[in-house]
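Indexing begins at 1, ligand by ligand and atom by atom, following the structure's order. Numbers here simply count residues along the sequence, with the first being 1.
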Amino acid sequence: MKLTIHGYSTALYATWYYVEELGILFDAGDGVCANLLGKAGKIKHAFISHADRDHLTGLLQFNQLFAGLKPTIYYPKDSGSFPFLKDFFTKFDPHNTGTNWQEIEDKSIIATKNTIQVEAIENGHVVQPGLLKSLSFKVYETKQKLKSEFVNLQKDELIKIKKEHGDHFLTNVVKRNILSYSADTPIENYARYHNSEILIHEATFLTKNETNTKSWKNKHSSLDEVFKMVANINIDKLILGHFSSRYDQHEIDKEIKKHIQHYNIKIPVHRIPVGKAVKNILAQTPIN
Ligand SMILES: [Zn+2]
């Protein structure tokens with residue numbers, strides 16, 4: 001499935017990614033509705049990774065405009081901010097009802113369509129022992145695929161076998177990880193995104209040294225660490241975002257190109273420029 005992904009992601013200010021074909025929004029920082037306009041009405045499922053304000057303030061406007069279309073907002077089960085928001089929205093915009101607020105747990109699997117499932121995975125961005133506060137997400141597509149021994153049969157023969165033995169005799173279920181979204185997180189586990197067709201990963205800082213900055217209370221990734229991981233796993237496309245606005249765009253791009261060359265990265269690499277929304281990210285010219 002070809003995915004049309006729109007997004008904005010600058011650390012501290014706002015992050016959101018909308019996947020048109022799936023009707024799925026990942027995070028809801030400022031500007032979701034202002035950028036997507038009517039397309040935002042097609043959001044059926046909004047997965048919010050954690051309660052940092054740059055990931056949720058777009059929900060106020062989204063709820064006001066589109067609650068009537070009965071979207072579901074999913075959030076980590078121990079993030080107290082979301083029940084507060086629900087309560088506030090209910091009082092602030094009392095006639096805009098319909099939004100479904102759903103807490104989710106680590107390893108929750110949500111079927112958003114017959115063939116599409118979203119898995120929530122706890123990450124180490126917000127660490128509070130025993131409490132689930134921050135999530136990454138993986139999207140899977142399942143398809144029924146004709147077993148190899150039947151591919152050369154004629155249609156009427158297949159129908160006959162199907163009548164005799166049922167659907168599942170003919171097909172295998174093939175499950176693919178079509179998209180993964182790290183959200184805000186340190187690099188923890190290379191296996192997590194191995195075989196993701198598209199990976200959207202944060203790279204708040206350019207170098208690992210900077211990730212220890214005391215003024216950032218929650219943990220983030222750096223560009224050098226992300227590339228080290230990408231060089232060691234199999235993915236088809238990479239989208240980098242959540243860069244800190246402390247960096248000049250030329251500096252970021254120079255570093256990205258340096259890592260692409262160093263690790264001999266062959267897959268297309270896209271990046272969300274600081275302070276800019278990008279339409280159909282994968283249709284843009286990659287940086288390499
Ligand atoms: Zn953030």
Side-chain angles (χ1 to χ4, degrees), residues 5-19 24-36 43 46-62 73-82 84-85 104 118 120-128 131-138 179-188 192-193 199-208 210-226 229 238-247 249 252 256 270-278 281:
I5 306 172
H6 311 289
Y8 180 102
S9 184
T10 297
L12 290 180
Y13 291 94
T15 286
W16 52 266
Y17 292 95
Y18 175 52
V19 190
I24 290 176
L25 180 73
F26 290 111
D27 285 328
D30 275 1
V32 176
C33 293
N35 277 281
L36 293 175
I43 296 166
F47 290 90
I48 313 301
S49 62
H50 64 295
D52 281 353
R53 302 318 186 221
D54 52 324
H55 294 252
L56 59 68
T57 52
L59 288 176
L60 177 65
Q61 182 68 312
F62 174 64
I73 297 170
Y74 305 86
Y75 58 90
K77 77 173 172 64
D78 298 312
S79 284
S81 301
F82 294 94
F84 277 123
L85 274 183
I104 49 175
V118 178
I121 300 164
E122 180 174 22
N123 69 37
H125 179 54
V126 187
V127 183
Q128 290 185 23
L131 298 175
L132 179 67
K133 296 275 193 175
S134 60
L135 294 168
S136 303
F137 299 101
K138 290 172 79 173
L179 173 68
S180 297
Y181 171 51
S182 72
D184 290 10
T185 180
I187 300 272
E188 298 173 298
R192 182 168 294 168
Y193 303 121
L199 173 62
I200 303 174
H201 207 288
E202 75 120 303
T204 306
F205 302 105
L206 294 185
T207 62
K208 193 174 192 300
E210 293 164 285
T211 58
N212 300 319
T213 312
K214 288 270 187 307
S215 56
W216 293 64
K217 66 176 176 6
N218 295 326
K219 296 195 181 106
H220 286 283
S221 303
S222 60
L223 189 70
D224 54 357
E225 296 173 290
V226 175
M229 175 177 74
L238 175 64
I239 298 171
L240 298 164
H242 208 269
F243 291 100
S244 164
S245 61
R246 70 170 69 177
Y247 305 114
Q249 192 60 50
I252 295 171
I256 294 174
H270 298 266
R271 52 90 175 104
I272 310 296
V274 170
K276 291 203 171 87
V278 181
I281 299 164

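Our summary of the site lists the angle at the Zn ion (ligand 1) between NE2 of H242 and NE2 of H55 as 110°, to the nearest 10 degrees.
Atom OD2 is the N, O or S atom of D184 at the shortest distance from the Zn ion (ligand 1). Within D54, the N, O or S atom lying nearest to the Zn ion (ligand 1) carries the name OD2.
Here Y74 and F47 bring their ring centres to under 6.0 angstrom of each other.
When each of E210, E202, E225 is checked for a side chain to side chain donor-acceptor pair (under 3.5 Å) with H220, only E202 meets the rule.
Here the closest heavy-atom approach between residue D27 and residue H50 is recorded as OD1-N, 4.4 Å.
With no hydrogens or angles considered, a side-chain donor-acceptor pair links R53 and S81 at under 3.5 Å.
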